[in-house]
Amino acid sequence: AGAKEDSFNVLDLAEYTKNRPWWRKVFGPSSGSSAEKYNVATQLVIGGVTGWCTGFIFQKVGKLAATAVGGGFFLLQIANHTGYIKVDWKLVERDMNKAKQQLKFHSSGNKVCPEVKSRVDEVIIFLKKNVILTGGFAGGFLLGMAS
């Protein structure tokens with residue numbers, strides 16, 4: 001019986017996506033502004049609907065996270081009060097002071113990593129090119145948070 005060799009094509013996704021911003025993959029190879037592709041009403045509807053959905057989901061997840069954190073804190077307080085656990089408040093205070101010092105140290109430099117700066121610049125350019133879509137998204141997001 002002869003062994004049959006299969007040949008595989010390997011696609012390195014890291015190399016493929018290295019120099020391609022995410023919105024080029026979403027909006028197509030010509031990722032110009034949406035003003036070139038859609039009229040104002042369509043941009044507002046697209047932005048508003050996606051913003052509303054994002055805001056609605058954000059609100060629900062936020063409430064769930066707040067409930068989980070608050071409930072966990074409440075249970076820890078009950079367990080501490082009844083004697084099931086003992087919290088070393090001196091250790092907590094010392095660790096919090098260390099964290100504050102590290103935050104002060106990192107924020108005093110105000111140095112932004114060049115990779116982060118380039119990503120922020122790309123996002124700002126995208127938002128400027130798609131002002132109507134961004135405005136619709138912001139309005140929809142606020143409506144979604146309110147509902």
Please tabulate, for side-chain N and O atoms in residues 49-61, each donor-acceptor pair with protein atoms closer than 3.5 Å (sequence neighbours left out).
residue	atom	partner	partner atom	Å
Thr50	OG1	Ile46	O	2.9
Thr50	OG1	Gly47	O	3.2
Trp52	NE1	Ser147	OG	3.3
Thr54	OG1	Thr50	O	2.7
Gln59	NE2	Met145	O	3.2
Gln59	NE2	Ser147	O	3.0

**Message:** side chain to side chain contact (heavy atoms under 4.5 Å, CB included), that's the test. Do Val131 and Leu127 meet it? Break it down for me.
**Reply:** CA-CA 6 Å; Val131 174; Leu127 294 177; over 6 Å; no
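- Of the inter-residue distances, the one linking Ile85 atom CD1 with Gln77 atom CD reads 8.0 Å to the nearest 0.5 angstrom.
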**Request:** Test Leu133 against Phe137 for side chain to side chain contact (heavy atoms under 4.5 Å, CB included), laying out the working first.
**Result:** CA-CA 6 Å; Leu133 185 70; Phe137 180 85; 5.8 Å; no
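- Expressed to the nearest 0.5 Å, how far CG of Asp121 lies from CZ of Phe126 amounts to 15.0 Å.
- Contact check on Glu93 versus Lys90 returns no salt bridge, with no Lys/Arg side-chain nitrogen under 4.0 Å from an Asp/Glu carboxylate oxygen.
- Pairing each heavy atom of Gln43 with each of Ile132, the nearest pair is OE1-CB, 3.5 Å.
- Note: Asn80 CG to Leu75 CG = 12.5 Å, rounded to the nearest 0.5 Å.
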